[in-house]
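See structure below.
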Amino acid sequence: MREKRALTDRERRFGPDAPKVRSFSLDPIRVTDSQLRKRGPLLPVPVHVLPLIFANRATGRWLLGFAELRAARDANVVTHILPSVAAALRAGGVVRSCPHPTLRTAKRLQKRTEELVELQLTSKLPPMPATTSVKAALQSAAPIAPIQVQGWVRTRRDSKDFSFIELNDGSCLRNLQIIAKNTLPNYAAVQHLITGASITVRGALVASQGKGQSWEIVADEIEIVGASDDTYPLQKKGHTPEFLREIAHLRPRSNLFGAVFRVRSRLAFAIHQFFQERGFVYVHTPIITGSDCEGAGELFRVTAIDPKNPPRRPDGAIDYAQDFFARSTFLTVSGQLEAEAFACALSKVYTFGPTFRAENSNTSRHANEFWMIEPEMAFTDLRGNMDVAEEIVKYLIRDIRQHCAEDLELFAKFVDKELLARLDFVMERPFQRITYTEAVEFLTKSGEKFEFPVAYGANLQSEHERWLTEKHFKCPVTVFDYPKEIKPFYMRLNDDGKTVTAMDVLVPGIGEIVGGSQREERLEVLEENMRRHKMDPADYKWYLDLRRYGTVPHSGFGLGFERMLMFVTGVSNIRDVIPFARTPGSAEF
RNA sequence: UCCAGAGUAGCUCAGUGGUAGAGCGGUCGGCUGUUAACCGAUUGGUCGUAGGUUCGAAUCCUACCUCUGGAGCCA
């Protein structure tokens, strides 16, 4: 018996043999019954005719039209098309399907039916003029004509017979100078271009007659894609980062933030490159997690419970056993525990993703949503761990130094004059490694007057860390072997019974950038640690299993992505290295 | 959360009890292969909000809001 299959929308509309129209990103029309009811009767066109909307990029107008499809073997071919549509396509127009033509559009279309002409269009449509990035144009070795560039107007200046337009498309820091002569048909409109407007420029890339840039484009055509007006908040002059934070949706259009986010992208790439080159496996640890075991700070609860009518336990507390996951769940504060599981299988792994802390922290170094890199390595002790931490910090600096030189120069000029010298210094010199005990001794002997006293057994204060990195050693310092009392349960107990194999990498200006440890691999010791931290080992059965079956010494650390980015760029506020920062009382955009 | 500081034009700021200002931006005009262009004119305000003191408050007092810096928590 023949299998009966429901017809797809497309088949229903165009017949079972209708070709798929994929050759130039056309989606077949989908029309549902509900859309029909809402929008009225459908366009009465033959089944093999596909209504389309054509956008003419030259004029910015949308054209209604339709294309006739040649069925069967030569599928994916548009054979007939309205002349006006063909013209639009030749000029580099975009084609989209007209999702639900109504009777009204039908009438307009029917009037044009007679205009339908045959067009030699196979799957090769006239290519859209390729857009050259500003970066590529500026780096060109020879004149280019014709050339098309697209971007946003940074500023415009008038000269006697023409206008200078500074065009930026974010591909690099620098702008491309456009010469807009007064012979352009829309010169009057061009003269009203204001900072923020978007344009498409077609013309010729030629050697610049002026100083300050080697290339410029003499425009044959300037298409105003999107105008701007005098309410556009960005000026060509400098703005404070505080003001730009309030317009986070526009700030990437500024020099500073464009540079920051280009570097952010490159830094993320370099992180993957570092680990992939070394045989690490990238693990996606869960973002919604049930483990609240790290003591890494306050958690954001994830719940589907109706806040107006939550299920209650007999004692009146909300019963999260009736919640979506049948338990309490939170946004992750760390993927470490899960990464450990994968390290104990794939040997070397890393995570790189968002983490969340519900701390009410109001500092330039804390955000409630941030990205963290967490490598985890089997058969690796604390020393190996410190080696990798130091290596990656240096690797990332070197990579950014090499690939984002222009952006770094901007930071060195306007954000932090000593940036480049510091980066080079960190890259070249070994990090200072001292135990916590030695650090306390250095601090006690320093003679420095600290607001908070230095005492063995207490956490190092920001001012202490700063003294070590900025005043004493003047380089990154790795402090290790901390008292067990001030560190989490999973860190390996040293033979002295007093300290654990923790390590923090402190860098000048930022403070802690890496925090890690060798993990406790001995089942009994780990259970004892848990009890000491008032945790019930029964709640962490899966984590303890890693020690129960084939346990290995292993180590890992967390590297704060944004902190690294701050260090590399010299930007002093974490809110300025996150596209849309989440901080207490602030989650706009 | 705690401790400081700040909120005046679109932006950066001056104005400390007596008629709300400057520079930049925008607009108009001039000049000009300019480049944070230049010259002239012009536009632009609920002085964070709400109370209070005073003949009179941007200015003094109180509360609140927002932002910034620092601390704690950490990455």
Side-chain angles (χ1 to χ4, degrees), chain A residues 154-167 174-181 191-192 194-196 206-213 216 218 228-247 250 254-255 294-298 333-336 354-374 389 414 450-452 458-466 486-488 504-507 510-516 557-567 572-577 583-586 588:
Chain A
R154 279 296 176 79
T155 176
R156 190 189 53 78
R157 297 178 290 278
D158 278 332
S159 190
K160 192 174 180 186
D161 298 323
F162 50 88
S163 244
F164 294 104
I165 298 171
E166 296 279 333
L167 189 74
R174 281 182 297 159
N175 303 325
L176 181 59
Q177 179 162 286
I178 311 294
I179 309 296
K181 289 185 179 161
Q191 278 197 303
H192 283 91
I194 206 173
T195 308
V206 300
S208 177
Q209 293 175 30
K211 290 167 191 166
Q213 63 281 317
E216 64 190 15
V218 177
S228 182
D229 64 41
D230 59 5
T231 60
Y232 185 67
L234 289 169
Q235 301 172 9
K236 86 179 108 172
K237 298 223 170 195
H239 287 292
T240 61
E242 289 79 16
F243 168 67
L244 291 167
R245 255 172 239 161
E246 294 169 19
I247 47 167
L250 296 174
S254 67
N255 283 340
E294 252 232 84
E298 296 293 316
V333 293
S334 163
Q336 180 200 315
T355 49
F356 308 87
R357 305 279 162 88
E359 300 285 350
N360 188 9
S361 299
N362 290 294
T363 84
S364 55
R365 304 180 309 283
H366 292 87
N368 297 298
E369 178 180 323
F370 63 98
W371 283 53
M372 193 153 62
I373 302 111
E374 295 180 290
F414 293 111
F450 293 113
E451 193 190 336
F452 294 92
N459 271 310
L460 296 179
Q461 303 286 319
S462 286
E463 54 173 345
H464 303 152
E465 296 177 354
R466 207 170 299 134
I486 56 173
K487 289 291 176 184
D504 288 348
V505 177
L506 314 175
V507 295
I510 314 264
E512 186 181 336
I513 197 168
V514 168
F557 59 84
L559 167 65
F561 180 59
E562 281 82 6
R563 293 218 177 145
M564 189 66 211
L565 188 53
M566 289 164 75
F567 187 70
S572 60
N573 196 310
I574 198 166
R575 297 172 185 96
D576 295 335
V577 298
T583 50
S586 173
E588 212 190 334

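Each chain gets a letter, A, B and so on, in the order its sequence line appears, and its residues count up from 1. Scope of the values below: all heavy atoms of this structure, side chains included, with no hydrogens, waters or symmetry mates.
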Provide a list of protein-nucleic acid N or O atom pairs under 3.5 angstrom, restricted to nucleotides 40-44 of chain B.
none

Protein-nucleotides 30-33 of chain B N/O pairs under 3.5 Å:
unit_1 : atom_1 : unit_2   : atom_2 : d
B:U32  : O2     : A:Asp158 : O      : 3.3
B:U32  : N3     : A:Asp158 : O      : 3.1
B:U32  : O4     : A:Ser159 : O      : 3.1
B:G33  : N7     : A:Gln209 : OE1    : 3.2
B:G33  : O6     : A:Gln209 : NE2    : 2.9
B:G33  : N1     : A:Glu216 : OE1    : 3.4
B:G33  : N1     : A:Glu216 : OE2    : 2.6
B:G33  : N2     : A:Gln177 : NE2    : 3.0
B:G33  : N2     : A:Ser208 : OG     : 3.2
B:G33  : N2     : A:Glu216 : OE1    : 2.2
B:G33  : N2     : A:Glu216 : OE2    : 3.1

Quick test: give all pairs of protein nitrogen or oxygen and nucleotides 66-68 of chain B nitrogen or oxygen below 3.5 Å, distance rounded to 0.1 Å.
unit_1 : atom_1 : unit_2   : atom_2 : d
B:U68  : OP1    : A:Arg245 : NH1    : 2.5

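Among the heavy atoms of the strands lying under 4.0 Å from A:Phe243 are primed sugar atoms or P, OP1, OP2 only; no base atom is included. At the heavy-atom level, A:Arg466 lies under 4.0 Å from the strands shown only through sugar-phosphate atoms. Using a 4.0 Å heavy-atom distance criterion, A:Ile574 is classed as a base contact.
With sequence neighbours left out, the salt bridge (Lys or Arg N to Asp or Glu O under 4.0 Å) criterion links A:Asp158 to A:Arg156. Under the side-chain hydrogen bond (donor to acceptor under 3.5 Å, both in side chains) criterion, A:Asp229 pairs with A:Thr231, not counting sequence neighbours. Residues satisfying the salt bridge (Lys or Arg N to Asp or Glu O under 4.0 Å) test with A:Glu562, not counting sequence neighbours, are A:Arg264.
Annotation: side chain of A:Leu559 is in contact with side chain of A:Val514 (closest heavy-atom distance under 4.5 Å).
Looking at the side chain of A:Glu512, the nearest of the listed nucleotides B:U12, B:U34, B:A75 is B:A75.
To the nearest 0.5 angstrom, A:Leu460 atom CG is 13.0 Å from A:Arg466 atom CZ.
B:G69 is paired with B:C3 under the Watson-Crick or G-U wobble criterion, all donor-acceptor distances under 3.5 Å.
Distances shown here put a side-chain N or O of A:Ser364 below 4.0 Å from the OP1 or OP2 atom of B:G70. For the pair A:His464 and B:G72, the criterion of a side-chain N or O lying under 4.0 Å from OP1 or OP2 is not met.
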